Amino acid sequence: MTVPAELLERARAARSITVLTGAGMSAESGVPTFRDVQTGLWAKYDPMTLATPEAWREDPALVWAWYQRRCAMLLAVQPNAGHRALADWGQKADVRIVTQNVDDLHERAGSSGVVHVHGSLRTPRCDTCWTVHTVEVVEPDSERVQPSSCECGGLVRPGVVWFGEALPEDAWNAAADAAASCDLMLVVGTSSIVYPAAGLPRIAMEFGVFVAEINPERTDLSRAVDVHWESTAATGLPRLLEAI
Ligand code: BJW
Ligand code: ZN
């Protein structure tokens, strides 16, 4: 899996790089991707239905327990070589990271200014008044855990963006600007099916940006990009950095 020549040439010349990451970025840290089969207590649930305001309204304890399990899992994993390569690159060049991931592995690898377009597990907030709360992470031992209540009477929910919810405006604006104003975009570990984030590479292309995808599988985006590199985040990114 050598670095595609055209990608290497563009990466060497690039003055400004935007990296759009998805769940595959954290897969080699041991974080399941969104579309991986679920295990344990949640094996019978589909993440696509759990990550919705409807699921929260119907059964907040089920949704809260699922997110608590994911928060607990996150405490037990480490950034991988791909996260570290991006953080190192950011020390030498203008690298902006836009992530759909709600984990903090880019930050823990040393990247700063990471744009979280789908929110973060680190900022649970009230579902009514939107106040951010600090919540202790406890590995759930059952399928349901009652979320705590806010002073206003609302329930504390995960600080993430669910289907049908608007993306945070400041994060979206920063992401669209990073897509339009770079000269190389890397799209790493995303199935490119969830919009509007999946539209960011198209915004980049409209501005003449060279777009390369790093993913072991082909996606809906693969046909449109300048280079599809069949590699993984933790293999491809360090290899690219070494080659530069
Ligand atoms: C590796 C690897 C390795 C494996 N290395 N790679 C336009 C068209 C059609 C529909 C819509 C549209 N615009 C909006 C919609 C509706 C909807 C949507 O997109 N639906 C689609 C499913 C069709 N979008 C929304 O609802 C969004 N909101 C919105 O549009 O609001 C409008 C509005 C405006 C004003 C007022 C009100 C509303 C919100 C989307 C929110 C998405 N949220 C989630 C959950 C976040 C919280 C949580 O994590 O629980 O975000 S869903 C889930 O999908 C999560 C992810 O960030 C997101 C993307 O998934 P990702 O990262 O691509 O992961 P996977 O698992 O799909 O793919 C992994 C990839 O990695 C694979 O390709 C593997 O091959 C690869 N891989 N190992 C590199 N080692
Ligand atoms: Zn409240």
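Below, each value reflects all heavy atoms present in this structure, side chains not excepted, and no hydrogens, waters or symmetry copies. Just so you know, these numbers come straight off a predicted model, no measurement behind them. Read the numbers this way: they start at 1 and go in the same order the structure lists the ligands and their atoms.
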What residue and atom, counting heavy atoms only, is the protein's closest point to atom 13 (N) of ligand 1, and at what distance? Tyr195 CB, 3.3 Å
Applying a heavy-atom cut-off of 4.0 Å, say which part of Val102 lies close to ligand 1: side chain, backbone, both or neither. side chain
Candidate pair Arg10 and Asp226, rule salt bridge (charged side-chain N to carboxylate O under 4.0 Å, His left out), full reasoning: CA-CA 11 Å; Arg10 296 285 182 157; Asp226 295 292; over 6 Å; no
Can you tell me which portion of Ala27 lies within the under-4.0 Å heavy-atom range of ligand 1? Options are side chain, backbone, both, or neither. side chain
Restricting to side-chain hydrogen bond (donor to acceptor under 3.5 Å, both in side chains), what partner residues turn up for Ser181, sequence neighbours left out? Arg96
Tell me which part of Trp162 gets within contact of ligand 1: side chain, backbone, both or neither, using heavy atoms under 4.0 Å. backbone
Taking atom 10 (C) of ligand 1 as the reference point, report whether a protein heavy atom occurs under 4.0 Å from it. no
Residues which pass side-chain hydrogen bond (donor to acceptor under 3.5 Å, both in side chains) with Trp162, listed by chain and number, not counting sequence neighbours: Tyr67
For Gly22, take its heavy atoms, then give the atoms of ligand 1 lying under 4.0 Å from any of them. 62 (O)
Val187 side chain near Ile214 side chain, heavy-atom distance below 4.5 Å: no
The protein N, O or S atoms lying under 2.8 Å from the Zn ion (ligand 2) are Cys126 SG, Cys129 SG, Cys150 SG, Cys152 SG
Partner residues of His116 under the ring-ring contact (aromatic ring centres under 6.0 Å, His included) criterion, sequence neighbours left out: none
Within the 4.5 Å heavy-atom criterion, are His133 and Arg125 side-chain neighbours or not? no
So if I count the atoms of ligand 1 from 1 in the order they appear, which ones are less than 4.0 Å from some heavy atom of Phe163? 17 (C), 20 (N), 22 (C), 26 (O), 52 (S)
If you measure from each heavy atom of Val188 to ligand 1, is any distance below 4.0 Å? no
Flag atom 16 (C) of ligand 1 as yes if some protein heavy-atom distance to it falls below 4.0 Å, otherwise no. no
At under 4.0 Å between heavy atoms, what of Asp36 touches ligand 1? The answer is neither
Once you round to the nearest 0.5 Å, how far does OG of Ser222 lie from CD of Glu230? 9.5 Å
Test item: Leu7 and Leu240 side chains (from C-beta on) under 4.5 Å apart, heavy atoms: yes
